[in-house]
*Asks:* 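One structure is given below, represented as structure tokens, and several questions about it will come after.
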Amino acid sequence: MEVLQEMLQYISRMKWSDYLDIIIVAAVVYKLLPYAHNTGTTRIVRVVIAIVLLSWVTDLLNLYTTHFIINSCLQVGLIALIVIFQPELRRMLDHIGNMKLDKLLGTEREKAEMAPVISQTVMACETMSRERVGALIVFERDNMLTEYFKTGTLIDGQVSEQLLRNIFFPKAALHDGAVIIRDGRVAAAGCVLPLSSSDRLSADLGTRHRAGVGMSEVSDAVVVIVSEETGTISVAMGGMLKRHLAAQTLEKLLTNEFCPASESEDNVVVRLRQKLRRKDKEGKE
């Protein structure tokens, strides 16, 4: 009861600036929480929590020497963390720096209808997979990828199966780079992406897959990869690679990421048209 009374007294003495302070801190923590899912960020959080808990336990058990050593380490711990986890901290800052302003302020604009874009992308990937044509398609989300546009050619064209297949045609000038889709349109092509240095990737993966994973490590983008050697369709998200996807699985994955349930239900006609087109192609072959 005494603790509760002290808490109520403290709340009664709070000023408007105290409430504003709490709201700002809560908003910042809320915006940064999604980045805790990242493997590198999780490592940093675990180390910090472990050190703080160890300091608290040693103080509770009156382990004076151990507690003194840990507290001394904590004094230079911030610098040590910056040095040790420099790559992870850089990625986290890149995420925040490249995030769209309307997302940070919670005033997102209405996104373009993505169901037709997904449909055209899946059809293009299915055909390129069958013909063993390599492809690298990046779907921009909250983190802006403007810096990567500079490495390619600006297009600003409507997403279509024909356009994607023409871009990645083996003899086309832009086929070696990546296509970046922003707001439901092909924003740029022939873009150079950062390569992943992860040692968890299979040794049989080439530059295209490492570029796709690398892009997903430094941003929240969804990257679709079609292997030139095997025709395998893969998707990279959050530094993880999902391989050997069927066209239907790719469509479902992209729909879950970009289309709300209501939009997905409203575009049954688009999916039906896609299936009919596939059957028509199979009949002609």
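Quantities reported herein were computed from a predicted structural model and do not represent experimental measurements.
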*Asks:* Just so I know, are the side chains of L193 and L136 near enough to count as touching, which here means a heavy-atom distance under 4.5 Å?
*Replies:*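 Side chain of L193 against side chain of L136, heavy atoms only: contact under 4.5 Å found.
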*Asks:* Mind checking side chain to side chain donor-acceptor pair (under 3.5 Å) for Q158 and listing every partner two or more places apart, or none if nothing turns up?
*Replies:*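 For Q158 there are no side chain to side chain donor-acceptor pair (under 3.5 Å) partners, ignoring immediate neighbours.
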*Asks:* Specify the closest pair of heavy atoms between Y148 and P194, including all atoms of both residues, with the distance to one decimal.
*Replies:*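 Smallest heavy-atom distance, with atoms named: CE2-CD, 3.5 Å.
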*Asks:* Could you go through residues 238-246 and list every donor-acceptor pair under 3.5 Å that involves a side-chain atom there, pairing it with any protein atom two or more places apart or in another chain?
*Replies:*
none

*Asks:* Between D220 and D142 (side chain of the first, backbone of the second, donor and acceptor by atom type, cut-off under 3.5 Å), is there such a pair?
*Replies:*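 Yes.
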*Asks:* If we only count heavy atoms from C-beta on, is the M144 to E140 side-chain gap below 4.5 Å?
*Replies:*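 With C-beta onward as the side chain, the pair touches.
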*Asks:* If you look at every heavy atom in C259 and A115, which pair is closest and at what distance?
*Replies:*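 So the two residues come closest at SG-N, 3.7 Å.
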*Asks:* G184 and M114: which non-hydrogen atoms are nearest, and at how many Å?
*Replies:*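 For G184 and M114, the tightest heavy-atom pair comes out as CA-SD, 3.9 Å.
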*Asks:* Can you list everything that forms a salt bridge (charged side-chain N to carboxylate O under 4.0 Å, His left out) with R132? Sequence neighbours excluded, please.
*Replies:*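 Checked R132 against salt bridge (charged side-chain N to carboxylate O under 4.0 Å, His left out); zero matches.
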*Asks:* Are F168 and L163 in one and the same hydrophobic cluster, where Ile, Leu, Val, Met, Phe, Trp and Tyr link if side-chain heavy atoms are under 4.5 Å apart?
*Replies:*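 Yes, it is one cluster - the side chains of F168 and L163 are joined through contacts under 4.5 Å.
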*Asks:* Would you compute the distance between atom OG1 of T66 and atom CG of D59 and round it to the nearest 0.5 angstrom?
*Replies:*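 Output value for this atom pair is 11.5 Å.
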*Asks:* For the residue pair I137 and C125, what are the closest heavy atoms and their distance?
*Replies:*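 Looking at all heavy atoms of both residues, the closest pair is CD1-SG, 3.9 Å.
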*Asks:* Show the nearest heavy-atom pair for residues A189 and L174, with the distance to one decimal.
*Replies:*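 Heavy atoms only, the tightest pair is CB-CD1, 3.8 Å.
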*Asks:* Test of understanding: with ring pair (Phe, Tyr, Trp, His ring centres under 6.0 Å), list the residues that count as partners of F139, not counting sequence neighbours.
*Replies:*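 By the ring pair (Phe, Tyr, Trp, His ring centres under 6.0 Å) rule, F139 matches F258.
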*Asks:* Backbone N or O of A124 within a donor-acceptor pair of the E161 side chain at under 3.5 Å?
*Replies:*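 No: the side chain of E161 does not pair with the backbone of A124.
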*Asks:* Measure the spacing between CG of L253 and CD of E251 and express it to the nearest 0.5 Å.
*Replies:*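 Between atom CG of L253 and atom CD of E251 there are 11.0 Å.
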*Asks:* Looking at CD1 of I233 and OG1 of T230, how far apart are the two atoms once the value is rounded to the nearest 0.5 Å?
*Replies:*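 Answer rounded to 0.5 Å: 10.0 Å.
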*Asks:* Working to the nearest 0.5 Å, report the span between NE2 of H209 and CG of D204.
*Replies:*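 Taking NE2 in H209 and CG in D204, the distance rounds to 8.5 Å.
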*Asks:* What's in the same ILVMFWY side-chain cluster as L63, cut-off under 4.5 Å, chained through other members?
*Replies:*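 Grouped by the 4.5 Å side-chain rule, W56, V57, L60, L61 form the rest of the cluster around L63.
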*Asks:* Is the closest side-chain heavy-atom distance between V179 and V138 below 4.5 Å?
*Replies:*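 Sidechains of V138 and V179: no contact.
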*Asks:* What residues, two or more places apart in sequence or in another chain, satisfy salt bridge (charged side-chain N to carboxylate O under 4.0 Å, His left out) together with R210?
*Replies:*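 Testing R210 for salt bridge (charged side-chain N to carboxylate O under 4.0 Å, His left out), a comparison that skips the adjacent residues, returns none.
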*Asks:* Measure the shortest side-chain to side-chain distance between I155 and I167 over non-hydrogen atoms and say whether it is less than 4.5 angstrom.
*Replies:*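 SC-SC contact between I155 and I167 confirmed.
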*Asks:* Look at the side chain of T58 and the backbone N and O of S55, then say whether any donor-acceptor pair between them is shorter than 3.5 Å.
*Replies:*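 Answer holds: yes.
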*Asks:* Going by atom types only, do S160 and Q120 share a side-chain donor-acceptor pair under 3.5 Å?
*Replies:*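 No - no donor-acceptor pair under 3.5 Å links their side chains.
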*Asks:* Please report the interatomic distance CD1(I180) to CE(M215), rounded to the nearest 0.5 Å.
*Replies:*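 CE of M215 is found 7.0 Å from CD1 of I180.
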*Asks:* Test your reading of the model: is there a side-chain donor-acceptor pair from S202 to the backbone of L205, 3.5 Å cut-off?
*Replies:*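 Answer holds: no.
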*Asks:* Okay, side chain of T127, backbone of M123: is any donor-acceptor separation there less than 3.5 Å?
*Replies:*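 Yes: the side chain of T127 pairs with the backbone of M123.
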*Asks:* Are the side chains of V224 and L254 in contact, using a 4.5 Å heavy-atom criterion?
*Replies:*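 Contact flag for L254/V224 side chains = yes.
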*Asks:* What distance do S227 atom OG and R208 atom CZ have between them, rounded to the nearest 0.5 Å?
*Replies:*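 One finds 7.5 Å between OG of S227 and CZ of R208.
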*Asks:* Walk me through it: do L250 and V235 pass the test side-chain contact (heavy atoms from CB on, under 4.5 Å)?
*Replies:* CA-CA 8 Å; L250 174 63; V235 171; 3.5 Å; yes
*Asks:* Under a single-linkage definition using a 4.5 Å side-chain heavy-atom cutoff for Ile, Leu, Val, Met, Phe, Trp and Tyr, are V223 and L201 assigned to the same hydrophobic cluster?
*Replies:*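 Both belong to a single hydrophobic cluster.
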*Asks:* Counting C-beta onward and ignoring hydrogens, is there a side-chain heavy-atom pair between S198 and V213 closer than 4.5 Å?
*Replies:*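 In short, these two side chains do not touch, never coming nearer than 4.5 Å.
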*Asks:* For the residue pair I22 and L20, establish whether any side-chain heavy-atom pair is separated by less than 4.5 Å.
*Replies:*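 No; the side chains remain at least 4.5 Å from each other.
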*Asks:* Just so I know, are the side chains of L145 and S219 near enough to count as touching, which here means a heavy-atom distance under 4.5 Å?
*Replies:*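 Result yes, sub-4.5 Å side-chain heavy-atom pair found.
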*Asks:* Between A236 and G212, which heavy-atom pair has the shortest distance, and what is it?
*Replies:*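 Heavy atoms of A236 and G212 come nearest at CB-O, 3.6 Å.
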